[in-house]
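A quick note: this is a predicted structure, and the numbers were derived from the prediction, not measured. Residue numbering restarts at 1 for every chain, and letters A, B, ... go by the order of the sequence lines. Excluded from the calculations below are hydrogen atoms, water molecules and symmetry mates; all remaining heavy atoms, backbone and side chain alike, are included.
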Amino acid sequence: MKRERELAKGYTPETLEEKWYSDWLCKDLFDAETDSSKPPFSIVIPPPNVTGSLHMGHAFNNTFQDILCRARRMQGFKVLWLPGTDHAGIATQNVVEKSLAAQGISRHDLGREGFLEKVWDWKKVYGDRIITQMKRLGNSCDWKHERFTLDEGLSRAVRAVFVRLYKKDLIYKGKYIINWCSRCHTALSDLEVEHEERKGHFYYVRYPFLDGTGEVVIATTRPETIIGDVAIAVHPRSEKAALIGKEVRVPLTDRVVPIIEDNVVDPEFGTGCVKITPAHDPNDFLVGLRHDLPQLQVIDADGVMNENSGKYQGLTVEQARVESAKDLEAQGFLIRTEEIEHSVGHCHRCGTTVEPYLSEQWFVRARPLAEVGVQAVRDGRIRWIPEQWDKTYFQWMENIRDWCISRQLWWGHRIPAWYCSDCSHVTVSETDPTECEECGSRDIVQDEDVLDTWFSSALWPFSTMGWPDETPELRTFYPTSLLVTGFDIIFFWVARMIMMGLEFMDEVPFRDVYIHSLIRDESGQKMSKSKGNVIDPLDMIDQYGADALRMTLAALSTQGRDILLSPARIETYRLFMNKLWNAARFALMNLDDEPQIIEVGQLQLQDRWILERSTEMTERVTNLLDEYNIGEAARGLYDFVWGDLCDWYLEMAKTALRGEEGDARKKTVQGVLEEVFRTTLCLLHPFIPFVTEELWMAFGYAEEGSIVRALWPAPKPEHRFGVCGAMRIVQDVVRVLRNLRAEAHLPPQQWLQRAVIRVDDLETGETLRSSLPRIEELARMKGLEVQPLSSPRPSASLSSVVGACEVSLPVGDVLDVASEIKRLEQEIASVEKVVAAGRGRLNNPNFLTRAPEAVVEKERAQVAEGEAQIVRMEENLRSLRQ
RNA sequence: GGGCGGAUAGUUCAGUGGUAGAACACCUGCCUUACACGCAGGGGGUCACAGGUUCGAACCCUGUUUCGCCCACCA
């Protein structure tokens, strides 16, 4: 075995990350092994948009998946982690348009073909950049399966899905009110509209009866649409019902419209009368359909008043609102205005106010798909983690509305529908048709629109694996094991994948959905470029290393709370990398080239303890990862390595490793050291792949291959020695000795010459006696004695009790009697508090009868011990006072 | 209007029924041959509030306060 005996003194991530990543790729270690007989584990990555670069949210999301994939790989699964990117229709088109605008070019200057070329250029650059960034994070994706939503294969899947849904009448085209962004110049789905509370006005406007007998008053926030009014509605069972059938004159026009009844009107709200503008309000649109009212459009696709708006033509909606309000007032129609807060929709890509707009669009009939999707969660075929997210899902799915999927953009999957100029039949086809399927005319034109980007994302779990073909990937890895994502895209993406997966694969797309929290900055703000508080993961990797960043993200991860990240936190975990590195360095300095056998007869308490702790850690981390609790697992490993292994075990192993306990002891301790490090490196590898690989090789395991495919440790029953309690006593005694030393201000470099532990309990006494050299070493002293309580307490000494032991440290002249008395009094007081509380419980008959036997026993023991401690401390106090 | 989550040390957060924990920050000592990127010791909390359940509550239940998020056809 060839070991690296001289590790560098400090941990330097930059020298090893690139080296190992390319090594892993060369050895095809992340390949999915479709044909092996191992059990499958698969995840499809949430494909990042090709709009820019990875942010901290991606880093967290990817780290989470990578930890699970790497662990499963070591546990003997064939793992497919399928990577890729999303074309992100509207977002990408916007950024490319923006970058062209900087050069004074508009997409219309280039034409559809020319513009798309530019977007593909962009995709090449930024898509590649994102992949590079994922690799720097250490993602163990199978890059041979990398996909892009506009790939040929995925586009074929999109077409197949569209056509099949159309044939089943689950996709239809029609003229409806949709959300329109006049800046992006496209329809948006309901989800792409963000509602915000804004200040606005309620305008109270009178509509005089045609017969001159009076008027109705309506309250509106949009006076500019009065010009498009075609009716007034009241509730049929309100006091206003008497007005039904009357006609009113619409202000600002010479139009006369009827007063109609409709249940949608809330008699309690506003004036109880509603103006109906079917072309510019979703509610009014429905009222219009019910009453067969005309749809009078007065606003065009640019958000400008059109030719139907008379004198307002050419004004923007905002301008027209001001102007029409002025006119209403001047003409005596405006009664009053009132300031109100109401929610206003904005385009979630550009922030422009969204207009309800009447136009021909394509829709997915969502309800039938959603019912199946709800069922899949209800009967447990899909599990949400944390569980409460199923409520969110149900709420949306059970109230789902049809999904507007057509977008008036250029970047995306073109809708596979062709219109015949001769018979106006619509041909919907998976392959490009050359003639109308109805009349055979060759004069057909393809729909100009593209599909919502989420349409293709919805197919991601199976389109990426080759559907509609039957492929080995689909056979082996669908349904995927797990989806890891943020709650912000539950509706956009997760719900739709479930619907599409069930529809086309007849099987859920994933078994488990893990919803993780959002990453925020250190003051809890959402990171955004405009706020300038973005922490770039790549910067952090450059500064602290990918392992430190990953460990930080893992350790901070908890369910149900946002994660506040700051560079200082990452610094903490970089120190952990350094600690691990130096611990390994120490081990390697003390190991021989050949591995040593652990001789059970040579094991001392601390050896048994660290082996036991190590096996506990193995079991615990394995279970926590099964539950996706990477936070607990990471924190547990941190504490184990730093606290147990470094602070205690390595310190206690030093004398043996120096050869001061004989050759047999040295060899066994070397064996223990190697065993523990091997296990620890494996358990840590999913979290911090680079440094663990470097150390794995340094320990000389090259011939076993990379740690990436090392065997995941199994708990060892033979290492459950049951010595944690005994070790605890030793640790407590060491701590007390150190504490007494500090109390007496004895300099650490001074080796103490004597101390006495008085104890009657035989087992404790034996434990301490056998560990005396270790305790002396850690407390930096000699002459430690274990004696029965009946033996005299050394004079002029500091003392303290711990468990059944009384520890006394003679300090001679430096004894400060007054302060020692004070300290003892405080110690007595604190023990008395515990004893008093315990006595209280024991005096409670209900406690004795109802609490479990073990708890009562423990309480009794504790009180007894406390009482004994107090007695001894009081004796000490008396002798000090003499 | 409906739903969800949070409130624990100065700060950021773990902790789902049995004596309150970590990291950072702070104080005191130490370059003890793996690590000063470190070691040892220390101070610091009415677990938001009020009830309830329980022998026992940071933890379970109810209500309140407060911060945040999501959904909804608030004309």
Under 3.5 Å, N/O pairs linking protein and nucleotides 29-31 of chain B:
none

Report summary line: Sorted by chain and residue number, the salt bridge (charged side-chain N to carboxylate O under 4.0 Å, His left out) partners of A/Arg206 (sequence neighbours excluded) come out as A/Glu215
Report task. Sugar-phosphate atoms are those with a prime plus P, OP1 and OP2; base atoms are the rest. Using that split, label each nucleotide of nucleotides 35-47 of chain B B, S or - for protein heavy atoms under 4.0 Å, 5' to 3'. Result -> BSBSSSSS-----
Query raised in the report: Checking all strands, does A/Arg780 fall into the base, sugar-phosphate, or nothing category for heavy-atom contacts under 4.0 angstrom?
Result: base
Query raised in the report: Could you go step by step and tell me if A/Asp562 and A/Ser517 meet the side-chain hydrogen bond (donor to acceptor under 3.5 Å, both in side chains) rule?
Result: CA-CA 5 Å; A/Asp562 290 340; A/Ser517 11; 5.5 Å; no
**Report entry** C1' gap between B/G29 and B/U65, integer Å
**Finding:** 46 Å
Report task. Determine, for A/Glu338 against A/Arg336, whether the closest basic-nitrogen to carboxylate-oxygen distance falls under 4.0 angstrom. Result -> yes
Query raised in the report: Does the side chain of A/Phe487 come within less than 4.5 Å of A/Leu518's, by heavy atoms?
Result: yes
Query raised in the report: What integer distance in Å separates A/Arg635:CZ from B/A22:P?
Result: 14 Å
**Report entry** ring-ring contact (aromatic ring centres under 6.0 Å, His included) against A/Phe576, all qualifying residues, sequence neighbours excluded
**Finding:** A/Tyr638
**Report entry** Side-chain donor-acceptor contact under 3.5 Å, A/Asp266 with A/His235
**Finding:** no
Query - Touch class at under 4.0 angstrom, heavy-atom based, for A/Ala583 against every strand present - result: base
**Report entry** Separation of atom CG in A/Leu556 from atom P in B/G15, rounded to whole Å
**Finding:** 13 Å
Query raised in the report: Just wondering, do A/Glu632 and A/Val621 contact through their side chains at under 4.5 Å, heavy atoms?
Result: no
Report task. Return the value, rounded to whole Å, for the distance between atom CD of A/Glu268 and atom C1' of B/A75. Result -> 14 Å
Requested in this report: With heavy atoms under 4.0 Å as the rule, sort A/Val856 into base, sugar-phosphate or nothing.
Outcome: nothing
Query raised in the report: Under 3.5 Å, is there a donor-acceptor pair linking the side chains of A/Glu196 and A/Ser343?
Result: no
Report task. Measure the distance from CG on A/Leu650 to C1' on B/U33 and round it to the nearest whole Å. Result -> 14 Å
Report task. Give A/Arg401 one of three labels, base, sugar-phosphate or nothing, depending on what nucleic acid heavy atoms sit under 4.0 Å from its own. Result -> sugar-phosphate
Query raised in the report: Hey, are the side chains of A/Leu752 and A/Leu809 touching, using non-hydrogen atoms and a 4.5 Å cut-off?
Result: yes
**Report entry** Sugar-phosphate, base or nothing in reach of A/Thr277, heavy atoms under 4.0 Å
**Finding:** nothing
Report summary line: Listed range with range, the stems formed with RNA chain B by at least 3 consecutive Watson-Crick or G-U pairs (under 3.5 Å) are B:1-7 with B:65-71, B:10-13 with B:21-24, B:26-30 with B:38-42, B:48-52 with B:60-64
Query raised in the report: Are A/Arg839 and A/Glu832 close enough, and set up right, to give a salt bridge (Lys or Arg N to Asp or Glu O under 4.0 Å), and what steps lead you there?
Result: CA-CA 10 Å; A/Arg839 279 201 197 111; A/Glu832 255 168 0; over 6 Å; no
Requested in this report: In whole angstrom, give the distance that lies between atom CD of A/Glu196 and atom C1' of B/C74.
Outcome: 16 Å
Query raised in the report: Can you tell which of B/A75, B/C70, B/A23 lies closest to the side chain of A/Val274?
Result: B/A75
Query raised in the report: With a 4.0 Å cut-off on heavy atoms, is A/Glu632 in touch with a base, just the backbone sugar-phosphate, or nothing at all?
Result: sugar-phosphate
Query raised in the report: Using 30° and 60° as the class limits, which term best fits the ring planes of A/Tyr176 and A/Phe363: parallel, tilted or perpendicular?
Result: perpendicular
Report task. Find the distance A/Phe487:CZ to B/C71:C1' and express it as a whole number of Å. Result -> 13 Å
Query raised in the report: B/A75 P sits how many Å from A/Phe285 CZ, rounded?
Result: 18 Å
Query raised in the report: Should A/Glu777 and A/Arg774 count as an ion pair when the cut-off is N to O under 4.0 Å?
Result: no
Report task. Would you mind telling me which residue lines up with the more 5' stretch of RNA chain B, A/Val264 or A/Lys858, judged by nearest nucleotide? Result -> A/Lys858
Query raised in the report: Should A/Glu776 and A/Lys782 count as an ion pair when the cut-off is N to O under 4.0 Å?
Result: no
Query raised in the report: Touch check for A/Ser343, heavy atoms < 4.0 angstrom, all strands: base, sugar-phosphate only, or nothing?
Result: base
Query - N or O in side chain of A/Thr558 less than 4.0 angstrom from B/A14 OP1/OP2 - result: yes
Query raised in the report: Across the strands shown, which category fits A/Glu197 at heavy-atom distances under 4.0 angstrom: base, sugar-phosphate, nothing?
Result: base
Requested in this report: Starting at the 5' end of nucleotides 55-62 of chain B, put B wherever the base has a protein heavy atom under 4.0 Å, S where only the sugar-phosphate does, and a dash everywhere else.
Outcome: B-------
Query raised in the report: Quick one: are A/Val856 and A/Arg860 in side-chain contact, heavy atoms under 4.5 Å?
Result: yes
**Report entry** Donor + acceptor pair across side chains of A/Lys275, A/Thr225 (<3.5 Å)
**Finding:** yes
